[in-house]
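Naming convention: chains lettered A, B, ... in sequence-line order (proteins, then strands); numbering from 1 in each chain. Predicted model only: the values in this text are computed from it and were never measured.
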Number of protein chains: 2
Amino acid sequence: MSEMQSARRGRPGYDQQGILAVAVAAFNEYGYDATSIGMLAERLGLSKSAIYHHFGSKDEILDRALDSALSSLEAVVEEPEGGAEGSVSASAADRLEHVLRGAVHVLVDQLPAVTLLLRVRGNTDVERAALSRRRTFDRRITALVSAAQDEGALRDDIDASVASRLTFGMINSIVEWYRPGGREGADRLADDVVAIALDGLRKR
Amino acid sequence: MSEMQSARRGRPGYDQQGILAVAVAAFNEYGYDATSIGMLAERLGLSKSAIYHHFGSKDEILDRALDSALSSLEAVVEEPEGGAEGSVSASAADRLEHVLRGAVHVLVDQLPAVTLLLRVRGNTDVERAALSRRRTFDRRITALVSAAQDEGALRDDIDASVASRLTFGMINSIVEWYRPGGREGADRLADDVVAIALDGLRKR
(Lines give C-alpha, C1' and ligand atoms only; values in the text may rest on other atoms or scores of the structure.)
Protein backbone atom coordinates (compact mmCIF):
# COMPACT_ATOMS: atom_id res chain seq x y z
CA MET A 1 0.00 0.00 0.00
CA SER A 2 1.45 3.38 -0.90
CA GLU A 3 2.00 5.97 1.80
CA MET A 4 -0.78 8.12 0.39
CA GLN A 5 -3.24 5.24 0.48
CA SER A 6 -2.16 4.47 4.02
CA ALA A 7 -2.75 8.09 5.07
CA ARG A 8 -6.27 7.86 3.68
CA ARG A 9 -7.19 4.60 5.34
CA GLY A 10 -9.98 4.58 7.88
CA ARG A 11 -13.49 5.87 7.41
CA PRO A 12 -13.93 7.58 4.07
CA GLY A 13 -13.83 11.36 4.42
CA TYR A 14 -11.22 11.49 7.18
CA ASP A 15 -7.57 11.35 6.27
CA GLN A 16 -4.86 12.53 8.68
CA GLN A 17 -5.52 16.17 7.80
CA GLY A 18 -9.24 15.73 8.38
CA ILE A 19 -8.70 14.17 11.81
CA LEU A 20 -6.22 16.92 12.64
CA ALA A 21 -8.71 19.65 11.72
CA VAL A 22 -11.46 18.15 13.90
CA ALA A 23 -8.99 17.66 16.78
CA VAL A 24 -7.74 21.27 16.61
CA ALA A 25 -11.32 22.57 16.63
CA ALA A 26 -12.06 20.44 19.71
CA PHE A 27 -8.85 21.52 21.50
CA ASN A 28 -9.79 25.17 20.89
CA GLU A 29 -13.36 24.64 22.07
CA TYR A 30 -12.82 22.49 25.18
CA GLY A 31 -9.13 22.97 25.92
CA TYR A 32 -6.44 20.40 25.19
CA ASP A 33 -6.52 18.78 28.64
CA ALA A 34 -10.29 18.39 28.62
CA THR A 35 -10.36 16.76 25.18
CA SER A 36 -9.90 12.98 25.13
CA ILE A 37 -9.23 10.67 22.20
CA GLY A 38 -12.65 9.17 23.00
CA MET A 39 -14.30 12.57 22.46
CA LEU A 40 -12.47 12.97 19.16
CA ALA A 41 -13.53 9.48 18.07
CA GLU A 42 -17.15 10.35 18.83
CA ARG A 43 -16.97 13.64 16.91
CA LEU A 44 -15.35 11.92 13.94
CA GLY A 45 -17.60 8.89 14.00
CA LEU A 46 -14.46 6.73 14.13
CA SER A 47 -13.18 4.17 16.61
CA LYS A 48 -10.36 5.22 18.90
CA SER A 49 -8.11 2.66 17.21
CA ALA A 50 -8.82 4.29 13.83
CA ILE A 51 -7.42 7.54 15.28
CA TYR A 52 -4.43 5.71 16.78
CA HIS A 53 -3.77 4.30 13.33
CA HIS A 54 -2.90 7.85 12.25
CA PHE A 55 -1.51 9.38 15.45
CA GLY A 56 0.41 7.63 18.23
CA SER A 57 -1.11 9.78 20.98
CA LYS A 58 -3.10 12.93 21.72
CA ASP A 59 0.24 14.65 22.27
CA GLU A 60 1.28 13.74 18.73
CA ILE A 61 -1.88 15.36 17.34
CA LEU A 62 -1.07 18.55 19.28
CA ASP A 63 2.54 18.40 18.09
CA ARG A 64 1.45 18.13 14.45
CA ALA A 65 -1.03 21.00 14.76
CA LEU A 66 1.48 23.31 16.45
CA ASP A 67 4.19 22.33 13.97
CA SER A 68 1.89 23.24 11.11
CA ALA A 69 1.32 26.78 12.47
CA LEU A 70 4.96 27.29 13.47
CA SER A 71 6.38 25.98 10.18
CA SER A 72 4.20 28.39 8.23
CA LEU A 73 5.28 31.35 10.38
CA GLU A 74 8.93 30.31 10.17
CA ALA A 75 8.63 29.99 6.39
CA VAL A 76 7.62 33.65 6.22
CA VAL A 77 10.89 34.81 7.82
CA GLU A 78 12.89 32.26 5.86
CA GLU A 79 11.70 33.42 2.46
CA PRO A 80 14.31 35.57 0.72
CA GLU A 81 12.00 38.59 1.00
CA GLY A 82 11.55 37.90 4.70
CA GLY A 83 15.08 38.30 5.86
CA ALA A 84 16.81 34.96 5.46
CA GLU A 85 20.56 35.28 5.63
CA GLY A 86 22.13 36.16 2.31
CA SER A 87 19.15 38.18 1.06
CA VAL A 88 21.02 41.46 1.21
CA SER A 89 19.11 43.05 -1.64
CA ALA A 90 15.99 44.10 0.30
CA SER A 91 16.15 46.64 3.12
CA ALA A 92 15.32 45.43 6.63
CA ALA A 93 12.25 47.68 6.59
CA ASP A 94 10.99 46.06 3.38
CA ARG A 95 11.66 42.61 4.78
CA LEU A 96 9.77 43.53 7.97
CA GLU A 97 6.80 44.68 5.92
CA HIS A 98 6.93 41.40 4.00
CA VAL A 99 6.99 39.42 7.26
CA LEU A 100 4.06 41.35 8.77
CA ARG A 101 1.97 40.72 5.66
CA GLY A 102 2.99 37.06 5.53
CA ALA A 103 2.15 36.55 9.21
CA VAL A 104 -1.36 37.99 8.71
CA HIS A 105 -1.87 35.55 5.82
CA VAL A 106 -0.71 32.59 7.95
CA LEU A 107 -3.12 33.61 10.72
CA VAL A 108 -6.05 33.90 8.36
CA ASP A 109 -5.19 30.70 6.44
CA GLN A 110 -4.53 28.63 9.56
CA LEU A 111 -6.76 30.35 12.08
CA PRO A 112 -7.54 27.25 14.22
CA ALA A 113 -3.93 26.00 14.42
CA VAL A 114 -2.55 29.47 15.22
CA THR A 115 -5.30 29.98 17.83
CA LEU A 116 -4.16 26.75 19.46
CA LEU A 117 -0.51 27.85 19.28
CA LEU A 118 -1.27 31.20 20.94
CA ARG A 119 -3.00 29.48 23.87
CA VAL A 120 -0.12 27.14 24.64
CA ARG A 121 1.12 27.66 28.19
CA GLY A 122 3.99 25.16 28.39
CA ASN A 123 2.40 22.38 30.44
CA THR A 124 3.95 19.49 28.47
CA ASP A 125 7.15 18.78 26.53
CA VAL A 126 5.30 19.31 23.25
CA GLU A 127 4.01 22.68 24.49
CA ARG A 128 7.42 23.72 25.80
CA ALA A 129 9.05 22.84 22.46
CA ALA A 130 6.43 24.97 20.66
CA LEU A 131 7.04 27.89 23.04
CA SER A 132 10.75 27.61 22.40
CA ARG A 133 10.16 27.85 18.62
CA ARG A 134 7.90 30.86 19.22
CA ARG A 135 10.66 32.57 21.18
CA THR A 136 13.14 31.94 18.37
CA PHE A 137 10.64 33.43 15.91
CA ASP A 138 10.16 36.46 18.19
CA ARG A 139 13.91 37.00 18.39
CA ARG A 140 14.16 37.00 14.60
CA ILE A 141 11.42 39.62 14.37
CA THR A 142 13.13 41.75 17.01
CA ALA A 143 16.42 41.45 15.09
CA LEU A 144 14.63 42.59 11.94
CA VAL A 145 13.11 45.62 13.72
CA SER A 146 16.51 46.41 15.18
CA ALA A 147 18.17 46.18 11.74
CA ALA A 148 15.51 48.50 10.29
CA GLN A 149 16.20 50.96 13.12
CA ASP A 150 19.93 50.78 12.38
CA GLU A 151 19.19 51.51 8.70
CA GLY A 152 17.41 54.66 9.83
CA ALA A 153 14.10 53.50 8.33
CA LEU A 154 12.33 52.93 11.67
CA ARG A 155 12.24 55.25 14.68
CA ASP A 156 14.70 54.22 17.36
CA ASP A 157 12.95 55.80 20.35
CA ILE A 158 10.99 52.55 20.87
CA ASP A 159 12.85 49.47 22.09
CA ALA A 160 13.03 46.92 19.22
CA SER A 161 11.78 44.13 21.45
CA VAL A 162 8.78 46.16 22.70
CA ALA A 163 7.99 47.31 19.14
CA SER A 164 8.00 43.76 17.81
CA ARG A 165 5.93 42.44 20.72
CA LEU A 166 3.31 45.16 20.30
CA THR A 167 3.19 44.73 16.52
CA PHE A 168 2.79 40.96 16.77
CA GLY A 169 0.29 41.48 19.59
CA MET A 170 -1.79 43.39 17.06
CA ILE A 171 -1.39 40.63 14.46
CA ASN A 172 -2.07 37.78 16.90
CA SER A 173 -5.24 39.49 18.15
CA ILE A 174 -6.75 38.76 14.74
CA VAL A 175 -7.50 35.20 15.93
CA GLU A 176 -9.85 36.67 18.55
CA TRP A 177 -12.27 38.20 16.09
CA TYR A 178 -11.50 37.30 12.50
CA ARG A 179 -14.02 35.02 10.85
CA PRO A 180 -13.43 33.59 7.37
CA GLY A 181 -15.77 35.17 4.86
CA GLY A 182 -16.04 38.36 6.88
CA ARG A 183 -15.92 41.85 5.45
CA GLU A 184 -12.14 41.97 5.15
CA GLY A 185 -10.05 39.43 3.28
CA ALA A 186 -6.47 38.59 4.25
CA ASP A 187 -4.94 41.01 1.74
CA ARG A 188 -6.97 43.93 3.04
CA LEU A 189 -6.28 43.01 6.66
CA ALA A 190 -2.53 42.74 5.93
CA ASP A 191 -2.68 46.23 4.35
CA ASP A 192 -4.40 47.57 7.49
CA VAL A 193 -1.85 45.98 9.85
CA VAL A 194 1.10 47.32 7.84
CA ALA A 195 -0.54 50.75 7.60
CA ILE A 196 -1.03 51.02 11.37
CA ALA A 197 2.26 49.41 12.43
CA LEU A 198 4.45 51.41 10.06
CA ASP A 199 2.51 54.65 9.50
CA GLY A 200 -0.05 54.90 12.28
CA LEU A 201 -3.69 55.92 12.32
CA ARG A 202 -3.05 59.68 12.22
CA LYS A 203 -3.77 61.39 8.93
CA ARG A 204 -0.85 63.21 7.33
CA MET B 1 -19.41 44.74 64.17
CA SER B 2 -18.87 47.41 61.53
CA GLU B 3 -18.92 46.47 57.87
CA MET B 4 -15.19 47.09 57.59
CA GLN B 5 -14.46 44.82 60.51
CA SER B 6 -16.73 42.19 58.97
CA ALA B 7 -14.89 42.42 55.67
CA ARG B 8 -11.64 41.78 57.51
CA ARG B 9 -12.88 38.82 59.50
CA GLY B 10 -11.26 35.47 58.94
CA ARG B 11 -7.59 34.65 59.16
CA PRO B 12 -5.47 37.75 59.68
CA GLY B 13 -3.87 38.87 56.43
CA TYR B 14 -6.74 37.96 54.11
CA ASP B 15 -9.56 40.41 53.64
CA GLN B 16 -11.91 40.17 50.65
CA GLN B 17 -9.34 41.80 48.38
CA GLY B 18 -6.67 39.38 49.52
CA ILE B 19 -8.86 36.37 48.82
CA LEU B 20 -9.80 37.85 45.45
CA ALA B 21 -6.15 38.31 44.46
CA VAL B 22 -5.25 34.71 45.33
CA ALA B 23 -8.35 33.41 43.52
CA VAL B 24 -7.59 35.40 40.35
CA ALA B 25 -4.01 34.09 40.32
CA ALA B 26 -5.31 30.52 40.66
CA PHE B 27 -7.96 31.01 37.93
CA ASN B 28 -5.24 32.29 35.59
CA GLU B 29 -2.89 29.44 36.45
CA TYR B 30 -5.28 26.45 36.39
CA GLY B 31 -8.30 27.82 34.55
CA TYR B 32 -11.56 28.84 36.21
CA ASP B 33 -13.29 25.47 35.76
CA ALA B 34 -10.35 23.51 37.17
CA THR B 35 -10.09 25.69 40.29
CA SER B 36 -12.30 24.64 43.23
CA ILE B 37 -13.12 26.54 46.41
CA GLY B 38 -11.27 23.73 48.20
CA MET B 39 -8.10 24.52 46.23
CA LEU B 40 -8.46 28.21 47.08
CA ALA B 41 -8.96 27.39 50.77
CA GLU B 42 -5.78 25.32 50.73
CA ARG B 43 -3.78 28.08 49.03
CA LEU B 44 -5.09 30.65 51.49
CA GLY B 45 -4.72 28.46 54.56
CA LEU B 46 -8.40 29.16 55.28
CA SER B 47 -11.41 26.92 55.71
CA LYS B 48 -13.90 26.79 52.84
CA SER B 49 -16.50 28.37 55.11
CA ALA B 50 -14.14 31.30 55.75
CA ILE B 51 -14.15 31.92 51.98
CA TYR B 52 -17.94 31.53 51.81
CA HIS B 53 -18.17 34.14 54.53
CA HIS B 54 -16.84 36.66 51.98
CA PHE B 55 -18.19 35.28 48.70
CA GLY B 56 -21.41 33.36 48.10
CA SER B 57 -19.90 31.16 45.39
CA LYS B 58 -16.95 30.67 43.05
CA ASP B 59 -19.02 32.45 40.41
CA GLU B 60 -19.30 35.48 42.68
CA ILE B 61 -15.50 35.63 43.01
CA LEU B 62 -15.19 35.56 39.22
CA ASP B 63 -17.88 38.22 38.90
CA ARG B 64 -16.07 40.51 41.32
CA ALA B 65 -12.72 40.05 39.57
CA LEU B 66 -14.15 40.69 36.09
CA ASP B 67 -16.14 43.67 37.39
CA SER B 68 -12.97 45.17 38.81
CA ALA B 69 -11.18 45.01 35.43
CA LEU B 70 -14.23 46.14 33.45
CA SER B 71 -15.09 49.03 35.79
CA SER B 72 -11.54 50.37 35.48
CA LEU B 73 -11.63 50.18 31.68
CA GLU B 74 -15.07 51.76 31.56
CA ALA B 75 -13.91 54.55 33.87
CA VAL B 76 -11.24 55.46 31.30
CA VAL B 77 -13.83 56.16 28.59
CA GLU B 78 -16.16 57.82 31.09
CA GLU B 79 -13.64 60.39 32.27
CA PRO B 80 -14.26 63.80 30.69
CA GLU B 81 -10.96 63.50 28.78
CA GLY B 82 -11.98 60.06 27.58
CA GLY B 83 -15.04 60.96 25.62
CA ALA B 84 -17.99 60.97 28.02
CA GLU B 85 -20.98 62.74 26.56
CA GLY B 86 -20.90 66.45 27.13
CA SER B 87 -17.10 66.73 27.01
CA VAL B 88 -17.08 68.63 23.76
CA SER B 89 -13.91 70.55 24.54
CA ALA B 90 -11.37 67.87 23.56
CA SER B 91 -11.09 66.54 20.02
CA ALA B 92 -12.01 62.91 19.40
CA ALA B 93 -8.35 62.22 18.50
CA ASP B 94 -7.17 63.64 21.84
CA ARG B 95 -9.82 61.66 23.68
CA LEU B 96 -8.74 58.50 21.85
CA GLU B 97 -5.13 59.10 22.84
CA HIS B 98 -6.27 59.57 26.44
CA VAL B 99 -8.22 56.30 26.31
CA LEU B 100 -5.31 54.33 24.83
CA ARG B 101 -3.00 55.61 27.56
CA GLY B 102 -5.56 54.94 30.27
CA ALA B 103 -6.19 51.42 29.03
CA VAL B 104 -2.45 50.61 29.14
CA HIS B 105 -2.38 51.84 32.75
CA VAL B 106 -5.37 49.68 33.68
CA LEU B 107 -3.70 46.62 32.13
CA VAL B 108 -0.45 47.21 33.98
CA ASP B 109 -2.17 48.06 37.28
CA GLN B 110 -4.62 45.16 37.14
CA LEU B 111 -2.67 42.65 35.10
CA PRO B 112 -4.15 39.49 36.72
CA ALA B 113 -7.79 40.64 36.57
CA VAL B 114 -7.47 41.85 32.95
CA THR B 115 -5.71 38.61 31.99
CA LEU B 116 -8.71 36.73 33.42
CA LEU B 117 -11.12 39.02 31.56
CA LEU B 118 -9.37 38.47 28.23
CA ARG B 119 -9.61 34.68 28.60
CA VAL B 120 -13.35 34.66 29.26
CA ARG B 121 -15.15 32.58 26.61
CA GLY B 122 -18.78 32.94 27.70
CA ASN B 123 -19.42 29.57 29.34
CA THR B 124 -21.53 30.91 32.22
CA ASP B 125 -23.96 33.78 32.88
CA VAL B 126 -21.21 35.70 34.69
CA GLU B 127 -18.88 35.25 31.72
CA ARG B 128 -21.57 36.20 29.21
CA ALA B 129 -22.36 39.37 31.17
CA ALA B 130 -18.66 40.27 31.15
CA LEU B 131 -18.43 39.65 27.39
CA SER B 132 -21.45 41.88 26.86
CA ARG B 133 -19.75 44.71 28.81
CA ARG B 134 -16.59 44.18 26.74
CA ARG B 135 -18.60 44.51 23.54
CA THR B 136 -20.15 47.77 24.78
CA PHE B 137 -16.65 49.04 25.59
CA ASP B 138 -15.43 48.02 22.11
CA ARG B 139 -18.34 49.86 20.48
CA ARG B 140 -17.44 53.04 22.37
CA ILE B 141 -13.83 52.78 21.17
CA THR B 142 -14.99 52.22 17.60
CA ALA B 143 -17.28 55.26 17.89
CA LEU B 144 -14.35 57.33 19.13
CA VAL B 145 -12.13 56.21 16.21
CA SER B 146 -14.99 56.95 13.83
CA ALA B 147 -15.47 60.45 15.32
CA ALA B 148 -11.72 61.13 14.98
CA GLN B 149 -11.92 60.04 11.33
CA ASP B 150 -14.88 62.38 10.78
CA GLU B 151 -12.86 65.23 12.32
CA GLY B 152 -10.17 64.54 9.73
CA ALA B 153 -7.58 63.74 12.39
CA LEU B 154 -7.35 60.02 11.61
CA ARG B 155 -7.01 58.34 8.21
CA ASP B 156 -10.32 57.02 6.94
CA ASP B 157 -8.97 54.31 4.63
CA ILE B 158 -9.09 51.81 7.53
CA ASP B 159 -12.46 50.67 8.84
CA ALA B 160 -13.03 52.18 12.32
CA SER B 161 -14.00 48.83 13.79
CA VAL B 162 -10.90 47.07 12.37
CA ALA B 163 -8.67 49.95 13.51
CA SER B 164 -10.00 49.81 17.06
CA ARG B 165 -9.78 45.99 17.23
CA LEU B 166 -6.17 46.01 16.00
CA THR B 167 -5.18 48.85 18.35
CA PHE B 168 -6.76 47.15 21.36
CA GLY B 169 -5.26 43.85 20.21
CA MET B 170 -1.89 45.53 20.58
CA ILE B 171 -2.81 46.86 24.04
CA ASN B 172 -4.32 43.58 25.25
CA SER B 173 -1.25 41.65 24.16
CA ILE B 174 0.62 43.40 26.96
CA VAL B 175 -0.82 40.86 29.42
CA GLU B 176 1.06 38.12 27.56
CA TRP B 177 4.55 39.44 28.29
CA TYR B 178 4.50 42.41 30.68
CA ARG B 179 5.93 41.72 34.12
CA PRO B 180 5.78 44.34 36.88
CA GLY B 181 9.19 45.75 37.59
CA GLY B 182 10.41 45.09 34.05
CA ARG B 183 12.40 47.50 31.97
CA GLU B 184 9.42 49.63 30.93
CA GLY B 185 7.01 51.28 33.33
CA ALA B 186 3.37 51.92 32.46
CA ASP B 187 4.00 55.52 31.35
CA ARG B 188 6.71 54.50 28.92
CA LEU B 189 4.65 51.60 27.59
CA ALA B 190 1.65 53.91 27.10
CA ASP B 191 3.90 56.30 25.15
CA ASP B 192 5.05 53.42 22.95
CA VAL B 193 1.50 52.21 22.26
CA VAL B 194 0.30 55.70 21.37
CA ALA B 195 3.39 56.28 19.21
CA ILE B 196 2.84 53.10 17.18
CA ALA B 197 -0.96 53.30 16.97
CA LEU B 198 -1.11 56.94 15.96
CA ASP B 199 2.20 57.58 14.20
CA GLY B 200 3.63 54.17 13.30
CA LEU B 201 7.12 52.75 13.51
CA ARG B 202 8.45 54.43 10.37
CA LYS B 203 10.83 57.32 10.92
CA ARG B 204 9.79 60.65 9.46
Taken to the nearest 0.5 Å, the spacing of B/Asp138 CG from A/Trp177 CH2 works out to 11.5 Å

To the closest 0.5 Å, what do you measure between CD (A/Glu176) and CZ (B/Arg165)?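 One gets 11.0 Å once the value is rounded to the nearest 0.5 Å.
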
Please flag which part of [X] lies under 4.5 Å from any non-hydrogen atom of chain B: side chain, backbone, both or neither.
| X | answer |
| --- | --- |
| A/Ala153 | backbone |
| A/Ile174 | side chain |
| A/Ser161 | side chain |
| A/Glu151 | neither |

By side-chain hydrogen bond (donor to acceptor under 3.5 Å, both in side chains), B/Glu127 pairs with (sequence neighbours left out) none

Next on the checklist: Is it the case that atom CD in A/Glu42 sees more than 12 heavy atoms from other parts of the structure closer than 6.0 Å?
Outcome noted: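 Count not over threshold, so no.
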
If you tally heavy-atom pairs under 4.5 Å against chain B, which of A/Asp33, A/Leu154, A/Val145 wins?
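So the answer, after comparing A/Asp33, A/Leu154, A/Val145, is A/Leu154.
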
Margin query: Using heavy-atom distances under 4.5 Å, tell me whether B/Gln149 contacts chain A through its side chain, its backbone, both, or neither.
Written below: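 Interface part for B/Gln149: neither.
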
Residues of residues 187-204 of chain B with a heavy atom under 4.5 Å from any heavy atom of chain A, in residue-number order, are B/Arg188, B/Leu189, B/Asp192, B/Val193, B/Ala195, B/Ile196, B/Ala197, B/Leu198, B/Asp199, B/Gly200, B/Leu201, B/Arg202, B/Lys203, B/Arg204

- Item | Close side-chain approach of A/Thr167 and B/Met170, heavy atoms under 4.5 Å |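 Side-chain contact under 4.5 Å: no.
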
